[in-house]
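First comes the structure, then the notes that go with it.
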Amino acid sequence: MSVGKRIYLKREMPDPALVEQFKTVPASNTADVMGRSCAMNPRIHLVSSPKAQMMAGPAFTVKCRAGDNLALHAALNLCQEGDVLVVSNEEDNTRALMGEVMMAYLYLQKKVAGIVLDGPIRDIDEIGKWDFPVYCTGTTPGGPYKEGPGELNVPIACGGISVNPGDIILADPDGVIVIPRKDAAVVLEDAKKFQAADEGKLEKTRQGTINRDWVTKTLEAKEFEIVDDVYRP
């Protein structure tokens with residue numbers, strides 16, 4: 001088998017019901033119950049205008065050579081409805097890997113849940129208006145090569161986070177997080193509990209009854225010094 005030019009046709013997939021339930025929990029609450037170490041770098045951000053607040057789906061991973069989209073074209077042929085394409089690009093920002101034609105194919109023909117791309121796109125004047133979740137690093141008119149190598153449905157790094165095929169990708173206007181497929185059921189239950197507690201804190205804040213004594217206790221435990229005076233150099 002030619003490492004660097006492999007296309008895997010099968011993935012271990014998450015439970016579709018779990019994927020749907022994640023759409024009810026903000027990405028931030030889910031990230032907080034995962035040790036706050038699952039969020040992609042904010043260089044990858046939402047650039048389109050989806051009507052739905054949340055995007056969730058199983059990762060269809062695409063490993064691209066920097067500035068080359070041959071593997072991504074292969075992914076367009078093979079991805080399935082509801083997938084989230086997650087594209088590594090060796091953190092290159094000099095060439096757009098996609099434009100309006102490729103994106104329209106994903107959106108209108110393949111009906112994927114969205115795309116997360118660690119690199120730029122082009123044709124933002126049109127794509128930016130679409131009801132289709134597009135997360136990327138920015139835009140450039142510079143186009144890609146189509147030479148390869150590249151791989152599909154292998155482990156990749158995107159936005160500084162490891163992504164395995166079939167992991168659950170959850171995103172909202174705050175950004176993108178990765179939920180390991182094997183941990184998804186436990187993470188979902190923890191996230192729901194965290195969300196309920198968070199909503200309770202928000203309501204107390206609005207009512208003016210929130211208790212912030214924990215801040216003073218934590219500062220004392222960390223041996224902060226409180227100086228009742230002005231700073232003098």
Side-chain angles (χ1 to χ4, degrees), residues 11-61 79-87 111-118 131-136 153 155-218 221:
R11 293 168 285 165
E12 294 188 68
M13 298 289 278
D15 181 347
L18 280 178
V19 175
E20 284 301 310
Q21 289 184 64
F22 271 111
K23 294 180 182 179
T24 67
V25 185
S28 58
N29 288 161
T30 306
D32 280 355
V33 302
M34 294 177 64
R36 302 181 177 184
S37 60
C38 58
M40 291 187 184
N41 189 293
R43 67 175 179 265
I44 299 176
H45 59 279
L46 183 65
V47 298
S48 57
S49 304
K51 294 178 183 178
Q53 181 84 356
M54 306 298 295
M55 176 190 78
F60 187 108
T61 60
C79 63
Q80 302 171 13
E81 182 174 347
D83 283 342
V84 175
L85 268 69
V86 186
V87 186
K111 301 186 185 304
V112 299
I115 184 167
V116 178
L117 198 156
D118 200 345
D131 179 19
F132 177 62
V134 178
Y135 291 80
C136 65
N153 286 323
I156 64 170
C158 186
I161 299 297
S162 297
V163 187
N164 287 296
D167 284 348
I168 296 175
I169 306 300
L170 180 64
D172 59 21
D174 280 343
V176 185
I177 68 170
V178 181
I179 304 160
R181 180 186 58 82
K182 291 182 178 180
D183 301 327
V186 173
V187 170
L188 178 62
E189 292 308 309
D190 289 346
K192 286 180 176 179
K193 294 174 184 177
F194 190 97
Q195 180 186 17
D198 211 38
E199 289 173 351
K201 291 178 185 178
L202 179 58
E203 184 59 30
K204 289 180 180 179
T205 298
R206 287 171 173 163
Q207 295 174 356
T209 59
I210 192 74
N211 186 336
R212 294 187 53 80
D213 288 346
W214 70 268
V215 178
T216 301
K217 293 177 181 178
T218 303

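Sequence positions, counted from 1, serve as the residue numbers for this chain.
Between atom CG of residue L202 and atom CG of residue D198 there is a gap of 7.5 Å, rounded to the nearest 0.5 Å. Atom CD of E199 is separated from atom CZ of F194 by 11.5 Å, given to the nearest 0.5 angstrom. Taken to the nearest 0.5 Å, the CD1 atom of I177 stands 4.5 Å off from the OG1 atom of T30. Going from atom CG of D183 over to atom CG of L188 covers 12.5 Å, rounded to the nearest 0.5 Å. Note that NZ of K182 is 6.5 Å distant from CD of E12, once rounded to the nearest 0.5 Å. To the nearest 0.5 angstrom, R212 atom CZ is 13.5 Å from K204 atom NZ.
With sequence neighbours excluded, the residues that form a salt bridge (Lys or Arg N to Asp or Glu O under 4.0 Å) with K23 are E20. Residues passing the salt bridge (Lys or Arg N to Asp or Glu O under 4.0 Å) test with D167, sequence neighbours excluded: none. Not a single side chain to side chain donor-acceptor pair (under 3.5 Å) links D190 to another residue, sequence neighbours left out. For the side chain to side chain donor-acceptor pair (under 3.5 Å) test, residues two or more places apart in sequence or in another chain that qualify with R36 are D32. Evaluation of the side chain to side chain donor-acceptor pair (under 3.5 Å) rule for D174 yields no partner, not counting sequence neighbours.
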field: Evaluation steps, side chain to side chain contact (heavy atoms under 4.5 Å, CB included), between M13 and D83
entry: CA-CA 10 Å; M13 298 289 278; D83 283 342; 4.1 Å; yes
- request: Please report the C-alpha distance between V87 and V116 in whole Å, then the side-chain angles of each, then the deciding distance to 0.1 Å, and finally whether the side chain to side chain contact (heavy atoms under 4.5 Å, CB included) criterion is met.
  value: CA-CA 6 Å; V87 186; V116 178; over 6 Å; no
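When atom types are taken as modelled, the side chain of R11 and the backbone of A59 share a donor-acceptor pair closer than 3.5 angstrom.
Inter-residue side-chain proximity for V163 and M40 is flagged as met; some heavy-atom pair is nearer than 4.5 Å. Residues N41 and D118 fail the side-chain proximity criterion, which asks for heavy atoms closer than 4.5 Å. For the pair V178/I169, a side-chain contact is recorded, criterion being any heavy-atom separation below 4.5 Å from C-beta on. Counting heavy atoms from C-beta outward, Q80 and F60 have side chains that stay 4.5 Å or more apart.
Minimum interatomic distance between L18 and A184 (heavy atoms only, all atoms of both residues): CD1-CB, 4.1 Å. Considering all non-hydrogen atoms of both residues, L85 and C79 come closest at CD1-CB, 3.7 Å. Across all their heavy atoms, A56 and A113 have their closest contact at O-CB, 3.8 Å. The two atoms that bring M34 and P180 nearest to each other are CE-CD, 3.5 Å, heavy atoms only. Considering all non-hydrogen atoms of both residues, K201 and I210 come closest at O-CD1, 3.8 Å.
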Side chains of residues 45-54: which donor-acceptor pairs under 3.5 Å do they make with residues two or more places apart or in other chains?
from, atom 1, to, atom 2, distance (Å)
H45, ND1, R43, O, 3.1
H45, ND1, C136, O, 3.4
S48, OG, F132, O, 2.5
S48, OG, V134, N, 3.0
S49, OG, G128, O, 2.7

